[in-house]
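Inspection log for the structure reproduced underneath, given as C-alpha cells.
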Amino acid sequence: MMTKMKQKYQLILASNSPRRRELLAGLDMPFEVKVIPGIEENYPSELAMEDIPQYIAREKASAYQVEEGQLVITADTIVVLDNQVFGKPKDDSDAVAMLRKLSGKTHQVITGVCLTTHDGQRSFHVSTEVTFKSFTEEEILYYVGHYHPLDKAGAYGIQEWIGYIGVTGLKGSFFNVMGFPVQRIYEEINKL
C-alpha cells in the first residue's frame, strides 16, 4: 500500500518545525519542505476552540500553488485551558506566565491539519489531554531559560525536559502534543 501512495503524490511539508519534519520522516515517505514566510496565523474570534488550528492550517494551505501530483501538508497547534487559547509565547516572560497557568492542571492540545492536492482539500483536528504536575517557580524558570520555548504552543515541548519531569497524565496521541498527529495523518493520506 505504501509503495502505491509514494508514487501517487509528491509530499510537501509546509512547516519550519523540526519536530514535524522528524515525525513525517518517521513514516518512511519521501517529502520535501517548502515554507512560504510571513503567513498570518490569525482567526475569527467566533470560531470554536477545536476549529481554530484547523482554520489556520487551511489558511496556510491557501498560500500554496499546488500542482498536479503534489500533496501539501499544513498544520497548526494550540493549547487550551479553561477556554483560553495558548498559542506561541511572545517572549520569555509570556512563556513563564503560560507555564504558571498550566501548572498542576489538565489542558488540551489541539492540532489542525490540512492536506491539499490539486483536486481538493481534506482537513481535520486531533485533540489530546495532558496533565501537568504542579511546577515550582524554579522549574519553570529553568525550563524557559534553558530551552526558550518561543516556537511552541503553550510554551512547552513534551519531548523536552519539562515533559520528562512534568507530565503526569496523557489521554490521546503523544505525537499530537508534539504538533503532528502522524498516525491520523497516515490514515488520511491513505484515504486520498
Open item on the list: If we ignore hydrogens and angles and just use 3.5 Å, is the side chain of Asp92 paired with the main-chain N or O of His148 as donor and acceptor?
Closed with: no
TODO: Check the side chains of Ser93 and Asp91 for a donor-acceptor pair under 3.5 angstrom, ignoring hydrogens and angles.
DONE: yes
TODO: Side-chain contact test, heavy atoms from C-beta onward, threshold under 4.5 Å: evaluate it for Lys152 versus Lys88 and give yes or no.
DONE: no
- [ ] Answer yes or no: is there a side-chain heavy-atom contact under 4.5 Å between Arg58 and Gln121?
- [x] yes
TODO: Treating Ile, Leu, Val, Met, Phe, Trp and Tyr as nodes and any side-chain heavy-atom pair under 4.5 angstrom as an edge, say whether Leu47 and Val79 lie in one connected cluster.
DONE: no
TODO: Compare all side-chain heavy atoms of Thr128 with those of Gln108 and state whether any distance is below 4.5 angstrom.
DONE: no
Task: With sequence neighbours excluded, residues passing side-chain contact (heavy atoms from CB on, under 4.5 Å) with Glu138 - done: Thr136
Task: Arg20 and Leu13, any side-chain heavy atoms less than 4.5 Å apart - done: yes
- [ ] Return the orientation label for the Trp161 and Tyr143 ring planes: parallel under 30°, perpendicular over 60°, tilted otherwise.
- [x] parallel
Task: Donor-acceptor pair between Gln54 and His125 side chains, under 3.5 angstrom - done: yes
Open item on the list: Could you tell me if the side chain of Met49 sits less than 4.5 Å from the side chain of Val85, heavy atoms only?
Closed with: yes
Open item on the list: Quick one, Thr111 and Phe180 - any side-chain contact, counting heavy atoms below 4.5 Å?
Closed with: no
Open item on the list: Tell me if the aromatic rings of Tyr147 and Tyr156 count as close, with their centers under 6.0 Å from one another.
Closed with: no
Task: Side-chain heavy atoms of Val126 within contact of Phe175, under 4.5 Å - done: no
- [ ] State plainly whether one hydrophobic cluster holds both Ile39 and Ile56, where clusters connect Ile, Leu, Val, Met, Phe, Trp and Tyr through side-chain heavy atoms under 4.5 angstrom apart.
- [x] no
Open item on the list: For residues Ile158 and Val144: do they belong to one hydrophobic cluster (side chain heavy atoms under 4.5 Å, members Ile, Leu, Val, Met, Phe, Trp, Tyr)?
Closed with: yes
- [ ] Determine whether Val72 and Tyr9 make a side-chain contact, defined as any pair of heavy atoms from C-beta on separated by less than 4.5 Å.
- [x] no
- [ ] Look at the side chain of Ser103 and the backbone N and O of Phe135, then say whether any donor-acceptor pair between them is shorter than 3.5 Å.
- [x] yes
Task: Side-chain donor-acceptor contact under 3.5 Å, Gln10 with Glu32 - done: yes
Open item on the list: Hydrophobic cluster membership, with links at side-chain heavy-atom distances under 4.5 Å among I/L/V/M/F/W/Y: are Tyr55 and Tyr64 in one?
Closed with: no
Open item on the list: Less than 3.5 Å apart, any donor N or O on the side chain of Thr106 or Glu129 sitting next to an acceptor on the other?
Closed with: no
Open item on the list: Membership question, hydrophobic clusters at under 4.5 Å side-chain separation (ILVMFWY): are Ile78 and Leu23 in the same one?
Closed with: no
- [ ] Could you walk me through whether His107 and Phe86 pass the ring pair (Phe, Tyr, Trp, His ring centres under 6.0 Å) test, one step at a time?
- [x] CA-CA 10 Å; His107 60 274; Phe86 295 74; 8.1 Å; no
- [ ] Evaluate side chain to side chain donor-acceptor pair (under 3.5 Å) for Asp82 paired with Gln84, printing each intermediate quantity in order.
- [x] CA-CA 5 Å; Asp82 300 329; Gln84 181 181 1; over 6 Å; no
Task: Cation-pi geometry met for Arg184 and Phe124 (6.0 Å, 45°) - done: yes
Open item on the list: Regarding Thr77 and Arg19, do their side chains bring together a donor and an acceptor under 3.5 Å, going by distance alone?
Closed with: no
